[in-house]
Amino acid sequence: MTAALLPSHAELERAARILAVRSRREVSSAFAGGYRSAFRGGGVEFEESRPYVPGDDVRHLDWNVLARTGTPYVKRFREERDQTVLLALDVSRSMAVGSGGRSKAALAAHAAALLAGAATRAGDRIGLAHFGAALEVDLEPERNADRLFPLVRRLAAVAAAPSGVTDLAAALRELGAALTRRAVVVVLSDFRDDALLRERTTSPVRLALLRLARRHDVVAAAIEDPREVELPSAGALVVADPERGGARAVLRTDAATRARFAAAAAERRRSLERTLRNAGADVVWLRTDRDPLRALARFFEHRPVRRTPP
């Protein structure tokens, strides 16, 4: 990508403000509540005792107060939100692909802004990193509502200019090294790294993901574009590797070719999800032609609560 194609500062500021306004509007109480349920804090702490009312859980009776006063009270607890969330955004060249008006990188930035908004409302520490061939930490995890717009501004900037190749193994290793405490790590990527789907279970990228998931709660937000799932009927298409370039090929989009392409894409999707889950990550699928808010809300609703290891 040449410098002439990079967005201007004014364009980036406008994109950041649009993203910030949209994400604030979309992070409703229900969405934020779903986030809190899906990513619980490290424990609970006692808040108060109150008089027992029919229907209260008798397991929460405060026996000390009952013995002292003869009146049944129940203990109330509140969740501890001592939690760190790190958003890791893939900005390699393949994330520039987009057939529906926005790129995969732009969708990733939108989804990350929604997660950042929900995490901020929950009182979690939130950090940001981006990667291609290597990882760069943009914002160290911090609990501060005032940093939400700077985070969104940085999201808009890194998503605006995807470039370079993907090296997931290096990025995942560096993520593990950068985190000094247990965290929720959300990796927003198309996972277009051939090493991930190799048959050998000891491939560097799989081992890096396994190690990361042993210490942290890892969520893979897998991003795809409709043209990666199904070819249009458009005669002959010129295709090339978006990251490594090289020779271009002409692909004829007849019915038989489109059927083979769709079958191969479906098999890759199944293989990728199986690989990510076997390595210890939860998976949520996002598409450039669909609203990430709905996909994330469904994920929050159905995500099993993962227990913090001792």
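These numbers were taken from a predicted model, which means no experiment stands behind them.
We find the CG-NE2 distance between D282 and H302 to be 13.5 Å, quoted to the nearest 0.5 Å. The distance from atom CD of E228 to atom CG of D190, rounded to the nearest 0.5 Å, is 6.5 Å. Residue K104 holds its NZ atom at 7.5 Å from OG of S92, rounded to the nearest 0.5 Å. T166 contributes atom OG1, which lies 8.5 Å from atom CE of M95 (distance to the nearest 0.5 angstrom). D62 contributes atom CG, which lies 11.5 Å from atom OG1 of T71 (distance to the nearest 0.5 angstrom). A distance of 5.5 Å separates CG of L296 from CG of L286, quoted to the nearest 0.5 Å.
Remark: E267 engages R270 in a salt bridge, criterion side-chain N to carboxylate O under 4.0 Å. R227 has no carboxylate O lying under 4.0 Å from a charged side-chain N of D225, or vice versa, which leaves the two without a salt bridge. For the pair E224 and R269, the salt-bridge criterion is met [side-chain N within less than 4.0 Å of a carboxylate O]. Contact check on E13 versus R153 returns a salt bridge, with a Lys/Arg side-chain nitrogen under 4.0 Å from an Asp/Glu carboxylate oxygen.
Taking the six-membered ring where the residue is Trp, F300 and F31 present tilted rings, their angle falling between 30° and 60°.
Between L128 and the options E140, E136, R147, R154, a side chain to side chain contact (heavy atoms under 4.5 Å, CB included) holds for only R154.
For the residue pair R125/T84, the side-chain donor-acceptor check at 3.5 Å is satisfied.
Not a single donor-acceptor pair under 3.5 Å links the side chain of D124 to the backbone N or O of V85. A donor-acceptor pair under 3.5 Å is absent between the side-chain atoms of R211 and the main chain of R173, judged by distance alone. One N or O on the side chain of T275 and one on the backbone of S271 form a donor-acceptor pair closer than 3.5 Å. Judged purely by atom type and a 3.5 angstrom limit, R182 uses its side chain to pair as donor or acceptor with the backbone of R215. Looking only at distances, no side-chain donor or acceptor of H130 sits under 3.5 Å from a matching main-chain atom of L89. With hydrogens and angles ignored, the 3.5 Å screen pairs no side-chain donor or acceptor of R102 with any backbone N or O of L107.
Of all non-hydrogen atoms in E230 and F261, the two that sit nearest each other are N-CE2, 4.0 Å. Looking at every heavy atom in both residues, A122 comes nearest to Y35 through CB-CE2, 3.8 Å. The minimum heavy-atom distance between A113 and S23, with the atom names listed, is CB-CB, 3.8 Å.
V97 and L196 end up in different hydrophobic clusters when Ile, Leu, Val, Met, Phe, Trp and Tyr side chains are linked at under 4.5 Å. By the criterion of side-chain heavy atoms lying less than 4.5 angstrom apart, applied directly or through intervening Ile, Leu, Val, Met, Phe, Trp or Tyr residues, F149 is not grouped with L155; the two fall into different hydrophobic clusters. Under a hydrophobic clustering in which Ile, Leu, Val, Met, Phe, Trp and Tyr are joined whenever their side-chain heavy atoms come within less than 4.5 Å, directly or via other members, W63 and Y73 fall into different clusters. The same ILVMFWY cluster, assembled from side-chain heavy atoms under 4.5 Å apart, contains both L293 and F299. Connection of V229 to L231 is not established within any shared hydrophobic cluster, with ILVMFWY side chains joined at heavy-atom distances below 4.5 Å, either directly or through further cluster members.
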Working for salt bridge (charged side-chain N to carboxylate O under 4.0 Å, His left out), residues D289 and R287 | CA-CA 5 Å; D289 60 339; R287 277 179 48 138; 2.9 Å; yes
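More than 12 heavy-atom neighbours from other residues, nucleotides or ligands sit within 6.0 angstrom of CZ on R277. Other residues, nucleotides and ligands contribute more than 12 heavy atoms inside 6.0 Å of the CZ atom of R50.
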